[in-house]
Amino acid sequence: MQDLIVRNLWFKYPRTEKFVLRGLNMEVTSGEVILVLGRNGSGKSTLLKILAGVLEPSKGKVLIGCVKASEVAGKLTGMALQDPMHQFSFITVLEEVSVPLKIRSGNGGRKRALRLLHTLGLEGLAERSPYTLSSGEARLLTIAAAVAGRPRLVLLDEPFTGVDPNQAILIAEIVRRTASSGSMVVVTSLLAAREVAKGLLNPSQNLVLEGGRLMDL
Ligand SMILES: Nc1ncnc2c1ncn2[C@@H]1O[C@H](COP(=O)(O)OP(=O)(O)OP(=O)(O)O)[C@@H](O)[C@H]1O
Ligand SMILES: [Mg+2]
């Protein structure tokens, strides 16, 4: 059974003429890691926001476990935005992970949130404002927030941008662990960086977004 089903997805932004996504199809099963590659402006971030349920399709279906993505946004899905500074909503680093933990699993306890920060080497920053983090630290925090509470679908928009090789290996390890606990993980990367992303993730599907459709690499 496919846990994420995308059927004939079309999307254009309000007050624009051009469709960014044009009849796109996708199927993902529990435990899979999917890599979506594309050039600048090909629609990677748009696709992830639709899968996250924060943008509604113009036409077509996006179902997560048979329910519309927008009905389970934030609860069954966790997303790390391409620009971490667009993501943060809370006063402290700790809250950035404890709030999604609570929403998804009902338990946003300090100990649990600190443990999650620890896996990404961020525990020393728990009481800081997320806006004071370095760009690499901020990227790691968005990933911690996206996987907190083990959502069914984890969406990571260019997670390897701006991180050094050790951190990239750590992120890949988190992706692997998240998938092996049963989540689906969709990761985007620039087409130009495909070898690095493929090597780090060993994805079950390598897809290229071009002309508003997905095709196998
Ligand atoms: N809010 C918006 N209103 C109108 N057009 C938009 C909006 N957001 C994005 N677009 C357009 O949609 C297209 C796809 O953008 P998107 O950000 O999804 O691409 P991307 O593949 O993520 O690019 P990048 O690699 O630069 O991150 C682009 O042409 C972009 O200009
Ligand atoms: Mg993008």
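Numbering of ligands and ligand atoms starts at 1, following listing order. One is the number of the first residue; the rest follow in order along the sequence.
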query: Nearest non-hydrogen atom to atom 15 (O) of ligand 1 belongs to which of Thr16, Thr46, Leu47?
result: Thr46
message: If we set the cut-off at 4.0 Å for heavy atoms, which region of Arg39 has an atom near ligand 1: side chain, backbone, both, or neither?
response: backbone
Going by the atom numbers of ligand 1, which of them fall below 4.0 Å from some non-hydrogen atom of [X]?
| X | result |
| --- | --- |
| Glu158 | 25 (O), 27 (O) |
| Gln82 | 27 (O) |
| Leu190 | 25 (O) |

Could you find the nearest protein heavy atom to [atom] and give me its residue, atom name and distance?
| atom | value |
| --- | --- |
| atom 13 (C) of ligand 1 | Gly41 O, 3.8 Å |
| atom 26 (O) of ligand 1 | Asn40 ND2, 3.1 Å |
| atom 9 (C) of ligand 1 | Tyr13 CE1, 3.4 Å |

field: Gly43-ligand 1 polar pair, N/O distance under 3.5 Å
entry: yes
message: Can you tell me how far apart CG (Leu209) and CG (Leu47) are? Round to the nearest 0.5 Å.
response: 6.5 Å
- request: Kindly indicate whether atom 30 (C) of ligand 1 is approached by any protein heavy atom to under 4.0 angstrom.
  value: no
message: Strictly inside 4.0 angstrom of atom 18 (O) of ligand 1, do you find any protein heavy atom?
response: yes
message: Quick one about Thr119 and Arg177 (side-chain donor to acceptor, distance below 3.5 Å, no hydrogens or angles considered), yes or no?
response: no
message: At less than 2.8 Å, would any N/O/S atom of Gln82, backbone or side chain, sit next to the Mg ion (ligand 2)?
response: yes
message: Taking 2.8 Å as the cut-off, does Ser45 contribute an N, O or S atom near the Mg ion (ligand 2), distance below it?
response: yes
task: Could you tell me if any non-hydrogen atom of Lys49 lies under 4.0 Å from any atom of ligand 1?
output: no
